[in-house]
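Input: a single structure, listed below in structure tokens.
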Amino acid sequence: MDNVKPAVLAAKNLTVKIEEKTILAHVNISFTPARRTAIIGPNGAGKSTLLKVLAGLNHRYEGKVLLDGEDTRKLGRKSFARRLAILPQGLTVPADVTVSELVDYGRFPYRGILTAGDPKRDREAVEQALTKTHLKSYASQRVMTLSGGERQRAFIAMALAQEPEILLLDEPTTYLDIGHQLEVMNIIEELNRNESMTIIMVLHDINHALQYSDEIVVIKDHGIYRHGTPEEILTVDLLAKVFGVEADVFVNSNGIRVLSPISLAEGEV
């Protein structure tokens, strides 16, 4: 990717309704290439909906989603999947699937109905994805025997096998313990730093957003409420207005600013 200009993903005047209920209204946003963007906001704000529309999993919208200025509705499914991958919530696999077999599923954009693609390149891509997620020693192990954190890393590896320029993640640390959360977030950081991969992720943990993102998008009232750097966006005032909580702020021993909710804020949300 060193000599390739990173892809730019954008939404223009995006509106999504479900059974006449407005989920997102007139959203305009462009994601900075080769950066980590965290999407945050209260439950039901439309964060996952936005991610699915950006990834081409939901086509029931008004407006446009653009990849390098081209309407993604006009891109072929496999062509799009070679450039953008998504890890949604709640993925499951058959009980007997091994880690390497799961990761190999990510090679679907490079195969035809009657063709197997390039077996050598497929093997290389799978091995690289396992290496990047620190799973090479688990390749022959069944996915269902893995811990929650290991399983999540296997799903990330499957997405990486697509060799995307842009990776979308929907709450990648949900249901994981603290140690596995850090494993996953550190892998995301490595992908961005080492591969210049554009990362767009929905996060619930405000402090993960502070520590592991370059930009923050806040969704509230069906649209973009704020967009900027973590230092600009994640303030005590914003937590009160968006999440309805009062918080203290302090700097930990690593020099990282931390927000600590202390009580509900009255009359803000």
Side-chain angles (χ1 to χ4, degrees), residues 5-33 35-93 102 105-115 117 152 155-156 158-172 174 188 197-204 215 217-225 227:
K5 184 180 179 181
V8 177
L9 185 67
K12 300 296 183 184
N13 201 30
L14 181 68
T15 296
V16 181
K17 295 182 180 180
I18 299 177
E19 296 180 353
E20 302 306 315
K21 180 181 178 181
T22 298
I23 308 301
L24 295 169
H26 310 296
V27 168
N28 290 283
I29 188 167
S30 180
F31 294 92
T32 305
R35 304 261 283 179
R36 299 164 298 168
T37 300
I39 301 174
I40 66 171
N43 287 343
K47 303 182 297 295
S48 293
T49 297
L50 175 59
L51 212 65
K52 289 176 181 177
V53 170
L54 293 172
L57 299 182
N58 180 354
H59 295 282
R60 302 175 73 176
Y61 61 86
E62 298 174 8
K64 290 183 178 181
V65 175
L66 305 174
L67 183 60
D68 280 342
E70 187 173 0
D71 191 334
T72 58
R73 280 178 164 139
K74 299 177 181 179
L75 294 174
R77 177 171 173 264
K78 290 188 176 182
S79 174
F80 187 38
R82 292 176 184 177
R83 304 181 66 188
L84 182 149
I86 182 172
L87 180 61
Q89 298 182 52
L91 290 178
T92 59
V93 296
L102 173 67
Y105 290 162
R107 297 301 294 166
F108 78 90
Y110 303 91
R111 295 168 178 160
I113 297 175
L114 301 175
T115 58
Q152 187 71 330
F155 284 124
I156 293 174
M158 179 179 67
L160 295 181
Q162 293 177 219
E163 300 183 277
E165 300 168 55
I166 301 172
L167 178 62
L168 277 56
L169 302 148
D170 194 357
E171 299 183 28
T174 298
I188 291 169
M197 187 174 292
T198 302
I199 308 288
I200 303 169
M201 50 190 169
V202 170
L203 294 177
H204 266 309
E215 297 184 13
V217 174
V218 184
I219 297 183
K220 184 176 184 284
D221 298 330
H222 314 300
I224 306 299
Y225 180 73
H227 182 191

Side-chain polar contacts of residues 42-59 - donor-acceptor pairs under 3.5 angstrom, sequence neighbours left out - could you list them?
from	atom 1	to	atom 2	distance (Å)
Asn43	OD1	His204	NE2	3.4
Lys47	NZ	Gly41	O	3.0
Lys47	NZ	Pro42	O	3.0
Ser48	OG	Asp170	OD1	3.1
Ser48	OG	Asp170	OD2	2.9
Asn58	OD1	Arg60	N	2.8
His59	NE2	Gly56	O	2.9

- Item | Donor-acceptor under 3.5 Å (Thr72 side chain, Val65 main chain) | yes

- Taking Gln152 for the side chain and Pro172 for the main chain, is one N or O donor matched with an acceptor at less than 3.5 Å? yes

- Item | Set of residues satisfying salt bridge (Lys or Arg N to Asp or Glu O under 4.0 Å) with respect to Glu171, sequence neighbours excluded | none

- For Ser79, which residues count as a side-chain hydrogen bond (donor to acceptor under 3.5 Å, both in side chains) partner, sequence neighbours excluded? none

- Query: Should Phe31 and Glu215 count as side-chain neighbours, where that means a heavy-atom distance under 4.5 Å?
  - Reply: no

- Query: How would you list all residue pairs meeting side-chain hydrogen bond (donor to acceptor under 3.5 Å, both in side chains) that involve residues 11-24, not counting sequence neighbours?
  - Reply: Asn13-His26

- Note on the structure: Closest heavy-atom pair, Val27 versus Gly223, reported as atoms and distance to 0.1 Å, is CG2-CA, 4.1 Å

- 4.5 Å side-chain heavy-atom contact, Ile39 and Ile219: yes

- Item | Side-chain heavy-atom pair Ile188, Leu169 within 4.5 angstrom cut-off | yes

- Note on the structure: For His222, the side-chain hydrogen bond (donor to acceptor under 3.5 Å, both in side chains) test, sequence neighbours excluded, returns none

- Task: Indicate whether the side chain of Glu165 and that of Thr198 have a donor and an acceptor atom separated by less than 3.5 Å.
- Result: no

- Message: Return the CG to CE distance between Leu87 and Met158, rounded to the nearest 0.5 Å.
- Response: 7.0 Å

- Query: What's the shortest heavy-atom distance between Ala159 and Ala85, and which atoms?
  - Reply: O-CB, 3.7 Å

- Query: Is the backbone of Ala161 close enough, under 3.5 Å, to the side chain of Arg107 for a donor and an acceptor to pair up by distance?
  - Reply: yes

- Nearest heavy-atom approach of Pro164 to Leu160 is CD-O, 3.7 Å

- Do Val8 and Leu67 come close enough that some side-chain heavy atom pair is under 4.5 Å? no

- Query: Is there a side-chain contact between Glu163 and Arg82, using heavy atoms and a 4.5 Å cut-off?
  - Reply: no

- Message: For the NZ atom of Lys220 and the CD1 atom of Ile40, what is their distance to the nearest 0.5 Å?
- Response: 12.5 Å

- Might you work through the side chain to side chain contact (heavy atoms under 4.5 Å, CB included) test for Thr32 and Thr37, ending with a clear yes or no? CA-CA 8 Å; Thr32 305; Thr37 300; 5.5 Å; no

- Quick one: salt bridge (Lys or Arg N to Asp or Glu O under 4.0 Å) partners of Arg73, sequence neighbours excluded? none

- Query: What heavy-atom pair brings Thr92 and Phe155 nearest, and what distance separates the two atoms?
  - Reply: N-CZ, 4.3 Å

- Message: Once rounded to the nearest 0.5 Å, what's the spacing between atom CG of Leu203 and atom CE of Met201?
- Response: 5.0 Å

- Closest heavy-atom pair, Phe108 versus Ala81, reported as atoms and distance to 0.1 Å, is CZ-CB, 3.7 Å

- Message: Could you go through Ile224 and Val218, starting from their C-alpha distance and side-chain angles, then the distance that decides it, and tell me whether this counts as side chain to side chain contact (heavy atoms under 4.5 Å, CB included)?
- Response: CA-CA 6 Å; Ile224 306 299; Val218 184; over 6 Å; no

